[in-house]
Amino acid sequence: MDMRQTIEGRLKTLDMQHFEFRDDSHLHAGHAGNTGGGHYAIVVVSSAFADVSRIERQRMVKNLLQDLFSDGLIHALSIKAQTPEEYFH
């Protein structure tokens with residue numbers, strides 16, 4: 001399974017203008033508490049984040065990926081969620 005494609009596909013409903021993905025799993029191999037699942041960082045740029053708090057933006061993204069966390073496919077996810085105006089200017 002290509003996790004980048006999986007995550008990007010799940011987030012399509014946000015009508016993203018930009019998406020970045022980084023797999024940091026190799027940096028966390030064998031650390032305490034990691035029972036599997038990857039460590040990822042994403043940047044999501046969407047107009048859907050306009051007038052939405054930073055915490056609510058995080059929730060919007062995590063809700064679309066919730067089963068990947070519960071199924072153990074994602075152990076940790078760093079999310080940077082911005083509007084196009086915030087990201088491109």
Side-chain angles (χ1 to χ4, degrees):
M1 167 190 326
D2 182 324
M3 191 54 69
R4 177 193 173 95
Q5 290 178 336
T6 299
I7 291 173
E8 188 173 13
R10 298 287 182 86
L11 301 179
K12 291 275 188 198
T13 61
L14 295 174
D15 191 28
M16 297 178 292
Q17 284 80 41
H18 181 75
F19 177 77
E20 294 176 24
F21 173 89
R22 187 178 71 235
D23 186 344
D24 292 332
S25 300
H26 65 285
L27 301 173
H28 302 278
H31 83 253
N34 186 0
T35 58
H39 288 70
Y40 308 106
I42 60 174
V43 175
V44 182
V45 179
S46 172
S47 296
F49 299 138
D51 300 319
V52 176
S53 72
R54 185 182 66 79
I55 291 173
E56 187 57 33
R57 293 174 185 192
Q58 301 274 321
R59 284 187 188 128
M60 290 168 69
V61 171
K62 283 190 77 175
N63 285 343
L64 293 169
L65 306 174
Q66 187 55 45
D67 64 311
L68 300 176
F69 285 95
S70 61
D71 290 347
L73 298 173
I74 297 176
H75 179 75
L77 182 65
S78 170
I79 302 167
K80 184 174 184 178
Q82 295 184 306
T83 65
E85 293 76 22
E86 293 166 339
Y87 185 79
F88 294 114
H89 293 92

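Computed from a predicted model, the values in this text were never measured in an experiment. The residues of the chain are indexed from 1 along the displayed sequence. Values reported hereafter were calculated over all heavy atoms of this structure, with side chains retained and with hydrogens, waters and symmetry mates removed.
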Could you check whether any side-chain N or O of [X] sits under 3.5 Å from a backbone N or O of [Y], counting only pairs where one atom can act as donor and the other as acceptor?
{"X": "Gln17", "Y": "Ser47", "answer": "yes"}
{"X": "Arg10", "Y": "Leu65", "answer": "no"}
{"X": "Asp71", "Y": "Leu73", "answer": "no"}
{"X": "Thr83", "Y": "Phe49", "answer": "no"}
{"X": "Glu56", "Y": "Arg54", "answer": "no"}

Parallel, tilted or perpendicular: rings of His18 and Phe88 (30°, 60°): perpendicular

Flag yes if Val61 and Leu64 sit in one hydrophobic cluster, no otherwise; membership is Ile, Leu, Val, Met, Phe, Trp, Tyr, and two members link when side-chain heavy atoms are under 4.5 Å apart.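 In one cluster: yes.
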
Between [atom1] of [X] and [atom2] of [Y], what distance do you get to the nearest 0.5 Å?
{"X": "Arg22", "Y": "Ile42", "atom1": "CZ", "atom2": "CD1", "result": "11.0 Å"}
{"X": "Ser46", "Y": "Met60", "atom1": "OG", "atom2": "CE", "result": "6.5 Å"}
{"X": "Phe21", "Y": "Thr6", "atom1": "CZ", "atom2": "OG1", "result": "9.0 Å"}
{"X": "Ile7", "Y": "Lys12", "atom1": "CD1", "atom2": "NZ", "result": "13.0 Å"}

Report the C-alpha distance between Ile79 and Lys62 in whole Å, list the side-chain angles of each, state the deciding distance to 0.1 Å, and finish with yes or no for side chain to side chain contact (heavy atoms under 4.5 Å, CB included). CA-CA 9 Å; Ile79 302 167; Lys62 283 190 77 175; 3.7 Å; yes

Show, in sequence, the C-alpha distance, side-chain angles and deciding distance for Met16 and Val45, and conclude whether the side chain to side chain contact (heavy atoms under 4.5 Å, CB included) test is met. CA-CA 6 Å; Met16 297 178 292; Val45 179; over 6 Å; no

For Leu77 and Ala41, which heavy atoms make the closest approach, and how far apart are they? CD1-N, 4.4 Å

Shortest non-hydrogen contact from Arg57 toward Val52: NE-O, 2.9 Å

Begin from the C-alpha positions of Met3 and Tyr40 and carry the test side chain to side chain contact (heavy atoms under 4.5 Å, CB included) through to its verdict. CA-CA 9 Å; Met3 191 54 69; Tyr40 308 106; 3.5 Å; yes

Between Glu20 and Arg4 (salt bridge meaning N to carboxylate O under 4.0 Å), is one present in this structure?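 No salt bridge links Glu20 with Arg4.
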
A side-chain contact here means heavy atoms from C-beta on lying under 4.5 Å apart; do Phe19 and Val44 qualify?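 A side-chain contact exists here, since the closest heavy-atom pair is under 4.5 Å.
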
